[in-house]
Amino acid sequence: MSQDANRGATVCFLLGLPRSGTTLLAHLLQQHPEITAPPEPWLMLALEAFGRVDHRHPAGTSLIETATSEFLGRIDRAAVSRAFADAAYGAYLSSAGKRIIVDKTPRYWMVLDYLDLLYPEAPHILLMRNPYAIAASLKSTWGVPLQAKSSRSVSLSSLGDLMLRLPDVIASSLADLVLGLPKLAAHRDRRQTMVVQYERLAACPEEEIQRLSWPWL
């Protein structure tokens, strides 16, 4: 990607599965004097889900979703969402005294199309790590049981039933690996996506950071 095309960019999305090393990479990136990398804003996930609230909301779930959809359907919803995101990112940058914000939120694999809708010109940094290493980290850090107890084949329906019975943190971690990994892998082909391999980053951090920084600063 050319330097001139991204000189004015203020938002960069750092993508990767949980336990793939995104926190390490964000920490290394924000050593640059113009970069700030706040801890997991989750902003784009919240914007994409705007209007959808918990069923226990006293105003009524269906009423809120219907009313906001009808109201926003009369205007350019993407433009309004982009304006809100610009204001939020801009205020954070202003308070930090920096020019570029790196939004590191691992579960953005769920809203990749939405990121491109709102910020088609934004650079993406895609951090990939050996999935077996991610699974081992999930097990050792959060106790997520990812070891199969049976050699029998598992159908989609039985897998779905299993997911419903699991605690949320375990179900989410399994979804990251089963659904998120292929989505992120397919994202390699996006024109403004820079791919980083965790194993290389761990071995040569300075070289990888230098390679990432210059194209879009």
Side-chain angles (χ1 to χ4, degrees), residues 1 3 5-6 9-46 48 85 89 92 96 98-116 118-142 144 146 169 172-217:
M1 119 185 31
Q3 184 171 349
N6 292 284
T10 59
V11 181
C12 173
F13 295 105
L14 173 51
L15 308 172
L17 297 182
R19 312 309 303 171
S20 66
T22 53
T23 299
L24 169 63
L25 181 50
H27 174 74
L28 293 172
L29 285 170
Q30 72 174 355
Q31 301 310 304
H32 191 283
E34 293 192 84
I35 295 176
T36 184
E40 299 189 11
W42 293 65
L43 179 63
M44 304 303 286
L45 282 164
E48 192 275 337
Y89 287 134
Y92 198 98
K98 302 295 180 69
R99 186 172 69 85
I100 296 172
I101 186 168
V102 173
D103 185 339
K104 188 272 293 186
T105 303
R107 291 201 170 104
Y108 276 174
W109 65 261
M110 297 179 176
V111 290
L112 292 175
D113 290 341
Y114 189 70
L115 298 186
D116 277 336
L118 264 58
Y119 287 94
E121 78 287 357
H124 292 184
I125 298 175
L126 175 57
L127 181 60
M128 302 297 289
R129 185 182 185 185
N130 186 319
Y132 292 104
I134 294 176
S137 181
L138 288 170
K139 184 176 181 180
S140 62
T141 304
W142 295 331
V144 177
L146 295 172
V169 65
S172 297
S173 298
L174 290 174
D176 289 331
L177 283 172
V178 176
L179 303 177
L181 185 58
K183 283 194 173 185
L184 289 176
H187 201 61
R188 291 169 177 265
D189 297 331
R190 181 181 180 270
R191 184 174 60 85
Q192 290 174 290
T193 295
M194 297 169 283
V195 180
V196 181
Q197 194 67 35
Y198 171 81
E199 289 76 12
R200 180 171 175 79
L201 176 68
C204 310
E206 293 183 2
E207 180 179 330
E208 285 298 284
I209 293 301
Q210 184 175 16
R211 180 177 70 86
L212 287 174
S213 299
W214 288 114
W216 50 284
L217 283 173

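Residues take their numbers from the sequence shown, with the count starting at 1.
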Can you tell if the side chain of [X] reaches within under 4.5 Å of the side chain of [Y], non-hydrogen atoms only?
X: Leu212; Y: Leu28; result: no
X: Leu25; Y: Glu208; result: no
X: Leu17; Y: Thr22; result: no
X: Thr105; Y: Met44; result: no
X: Leu15; Y: Thr193; result: no

Spacing of [X] atom [atom1] and [Y] atom [atom2] [to the nearest 0.5 Å]:
X: Met194; Y: Leu127; atom1: CE; atom2: CG; value: 12.0 Å
X: Arg211; Y: Cys204; atom1: CZ; atom2: SG; value: 11.0 Å
X: Leu181; Y: Asp176; atom1: CG; atom2: CG; value: 10.0 Å
X: His27; Y: Lys104; atom1: NE2; atom2: NZ; value: 12.5 Å
X: Trp109; Y: Leu115; atom1: CH2; atom2: CG; value: 13.0 Å
X: Arg107; Y: Leu45; atom1: CZ; atom2: CG; value: 9.5 Å

Distance-only, no hydrogens or angles: does the [X] side chain make a donor-acceptor pair with backbone N or O of [Y] under 3.5 Å?
X: Arg129; Y: Arg19; value: yes
X: Glu199; Y: Asn130; value: yes
X: Gln30; Y: Ala37; value: yes

Side chain to side chain contact (heavy atoms under 4.5 Å, CB included) for Ile134 and Tyr198? Distances and angles first, verdict last. CA-CA 11 Å; Ile134 294 176; Tyr198 171 81; over 6 Å; no
Quick one: which of Tyr119, Tyr108, Trp42, Tyr92 gives a side chain to side chain donor-acceptor pair (under 3.5 Å) with Asp103? Tyr108
In a check of side chain to side chain donor-acceptor pair (under 3.5 Å) between His124 and each of His187, Gln192, Arg188, which one passes? His187
May I ask you to check whether over 12 heavy atoms, not counting those of Glu206, lie within 6.0 Å of atom CD? no
Determine whether Leu29 and Ile125 satisfy the following criterion, side chain to side chain contact (heavy atoms under 4.5 Å, CB included), listing intermediate values before the conclusion. CA-CA 11 Å; Leu29 285 170; Ile125 298 175; 3.8 Å; yes
Check Leu177 against Ala135 and note the closest heavy-atom contact, atom names and distance. CD1-CB, 4.3 Å
N-O pairing of Asp116 and Arg190 below 4.0 Å: yes
